[in-house]
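Worksheet for the structure shown next.
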2 protein chains.
Amino acid sequence: MTVKRNTWQKDAVRHALSESAGFVSAQQLHQVLHAHGSTIGLATVYRALADLLLAGDADSITSTDGQLLYRACGTSHHHHLVCRECGLTVEIDADQVEAWASGIGGANGFTDVSHTIELFGLCRGCRGL
Amino acid sequence: MTVKRNTWQKDAVRHALSESAGFVSAQQLHQVLHAHGSTIGLATVYRALADLLLAGDADSITSTDGQLLYRACGTSHHHHLVCRECGLTVEIDADQVEAWASGIGGANGFTDVSHTIELFGLCRGCRGL
DNA sequence: GACTTATTGACATTCATTATCAATAAGACT
DNA sequence: AGTCTTATTGATAATGAATGTCAATAAGTC
């Protein structure tokens with residue numbers, strides 16, 4: 001049977017992902033890693049992220065322009081309010097929504113319900129241009 | 001200012017979409033239209049679908065393999081509960097969440113707040129395998 | 001250290017979606 | 001009806017994220 005091997009590349013991806021706030025694309029992670037001097041390959045980043053998904057150490061959503069965004073998972077769960085102009089991000093917690101989400105899931109016969117909630121808007125600064 | 005023009009192509013896409021049950025990809029719609037004798041171009045199908053999205057006459061989700069799926073849609077804004085195994089989709093309406101979203105946005109100085117909410121879970125069928 | 005083979009990484013490939021742009025036709029105006 | 005403006009179309013090229021390929025590398029074992 002195939003035996004998993006531990007490589008610095010996988011650790012690097014895991015670490016870079018946990019350092020990132022919010023959702024990050026595989027390409028962004030690759031760039032960040034290179035900016036920090038790593039020589040990791042793009043394909044390897046994709047493979048490491050796929051492994052993290054399977055292992056449940058990360059989850060993903062697809063952004064509006066169609067690319068997959070990843071997030072470290074297992075830490076505290078929260079959501080973001082993002083300015084669609086400048087990218088300013090405000091963390092929000094949403095206990096009501098958490099409860100609502102799991103309730104809806106159960107009412108429809110779904111289990112293991114996870115959710116992705118992102119709010120986009122125009123922040124004060126960008127509006128006041 | 002730009003003036004919208006009505007073409008048989010847009011009507012064809014709108015009609016084909018409303019005839020389709022469930023979610024359909026742009027490529028599938030294009031094939032269906034050609035199978036019915038239409039000579040509509042693929043790019044035009046994409047453009048018509050984009051217009052329908054903007055007009056609120058259709059909504060879309062991204063399938064597990066990354067492509068956009070479209071569906072004719074009523075006027076009301078709603079969200080989806082999707083089985084992460086088989087793709088079974090249940091419509092949910094979320095008045096509470098709508099209110100919560102705009103409230104949070106305003107409280108943080110954001111205007112024009114839009115949101116994306118997706119719930120993923122395991123449906124009864126897939127769980128019982 | 002030697003060996004097996006999982007993993008890497010540079011590159012090619014796939015494929016959905018978008019951009020390009022000349023040709024067409026919708027709507028307005030006479 | 002004819003003319004004119006330009007929004008729209010459609011064939012094709014281009015983009016770009018994601019995956020496949022495969023020789024070279026290195027993790028874990030003995």
Side-chain angles (χ1 to χ4, degrees), chain A residues 1-17 20 22-55 57-71 116 118, chain B residues 1-17 20 22-55 57-71 84 87 116 118:
Chain A
M1 182 177 59
T2 63
V3 178
K4 283 278 180 188
R5 293 179 183 177
N6 297 323
T7 63
W8 63 264
Q9 286 93 341
K10 288 178 185 170
D11 286 338
V13 171
R14 173 180 269 113
H15 183 257
L17 186 61
S20 304
F23 287 90
V24 196
S25 73
Q27 314 260 355
Q28 285 175 325
L29 271 182
H30 182 237
Q31 286 177 9
V32 167
L33 286 164
H34 269 230
H36 286 1
S38 173
T39 60
I40 191 172
L42 177 60
T44 303
V45 174
Y46 276 100
R47 282 185 288 239
L49 286 172
D51 284 348
L52 289 175
L53 277 188
L54 281 181
D57 294 333
D59 65 347
S60 66
I61 59 171
T62 57
S63 70
T64 51
D65 60 334
Q67 63 184 162
L68 269 175
L69 303 181
Y70 301 86
R71 177 183 61 175
T116 63
E118 296 290 323
Chain B
M1 182 177 54
T2 61
V3 177
K4 283 277 178 187
R5 294 180 182 175
N6 298 323
T7 62
W8 63 266
Q9 286 93 339
K10 288 177 184 172
D11 288 338
V13 171
R14 173 179 267 112
H15 184 258
L17 187 61
S20 303
F23 287 92
V24 197
S25 73
Q27 314 259 356
Q28 286 175 325
L29 270 182
H30 182 237
Q31 287 177 8
V32 167
L33 285 165
H34 269 230
H36 286 1
S38 174
T39 61
I40 192 173
L42 176 60
T44 303
V45 174
Y46 276 100
R47 281 184 290 238
L49 286 172
D51 285 347
L52 289 176
L53 277 188
L54 280 180
D57 293 334
D59 66 348
S60 65
I61 58 171
T62 57
S63 69
T64 51
D65 60 333
Q67 59 182 343
L68 270 174
L69 303 181
Y70 302 85
R71 181 185 57 172
R84 65 168 67 90
T116 61
E118 296 288 329

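Quick caveat: nothing in here was measured; it's all calculated off a predicted structure. Labels below follow one simple rule: chain letters A, B, ... track the order of the sequence lines, proteins then strands, and each chain is numbered from 1.
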A/Q67 CD to C/dC15 P, straight-line distance once rounded to whole Å: 20 Å
Phosphate contact (D/dT19 OP1 or OP2) by A/Y46 side-chain N/O below 4.0 Å: no
Identified side chain to side chain contact (heavy atoms under 4.5 Å, CB included) partner of A/V45 from the options A/L17, A/L33, A/V32: A/L33
Sugar-phosphate, base or nothing in reach of B/T44, heavy atoms under 4.0 Å: base
Where B/L42 and B/A26 come nearest, the two heavy atoms and their spacing: CD1-O, 4.5 Å
Sugar-phosphate only, base, or nothing, as touched by B/T39 at under 4.0 Å among non-hydrogen atoms: sugar-phosphate
Whole angstrom value for the distance that separates P of D/dT9 from CG of B/L33: 13 Å
Nearest-Å distance for atom pair CG/C1', residues B/L29 and C/dT17: 15 Å
A/K10 side chain to A/L52 backbone, donor-acceptor under 3.5 Å: no
B/Q9 side chain near D/dG10 phosphate (N/O to OP1/OP2, under 4.0 Å): yes
Gap between atoms NZ and P, on A/K10 and D/dT25 respectively (whole Å): 19 Å
A/Y46 backbone acceptor or donor facing A/H30 side chain under 3.5 Å: no
Separation of atom CH2 in A/W8 from atom P in D/dT25, rounded to whole Å: 15 Å
Which nucleotide in C/dT7, D/dG10, D/dA17 has an atom nearest any side-chain atom of A/K4: C/dT7
Residue closer to the 5' end of DNA chain C, B/A26 versus A/D51 (nearest nucleotide): A/D51
Interatomic distance where CG belongs to B/L42 and C1' belongs to C/dT20 [whole Å]: 15 Å
B/Q27 CD - C/dT18 C1' separation (whole Å): 12 Å
Point-to-point distance, once rounded to the nearest 0.5 Å, from CG of A/L29 to CD1 of A/I40: 9.0 Å
Residue whose nearest DNA chain C nucleotide is more 5′ - B/R5 or B/Y70: B/Y70
Short side-chain N/O contact from A/T7 to OP1 or OP2 of C/dT8, under 4.0 Å: yes
Touch class at under 4.0 angstrom, heavy-atom based, for A/L68 against every strand present: sugar-phosphate
Base of C/dG9 paired with side chain of A/R47 (donor-acceptor, under 3.5 Å): yes
For atom CG of B/N6 and atom P of C/dA28, their distance in whole Å: 10 Å
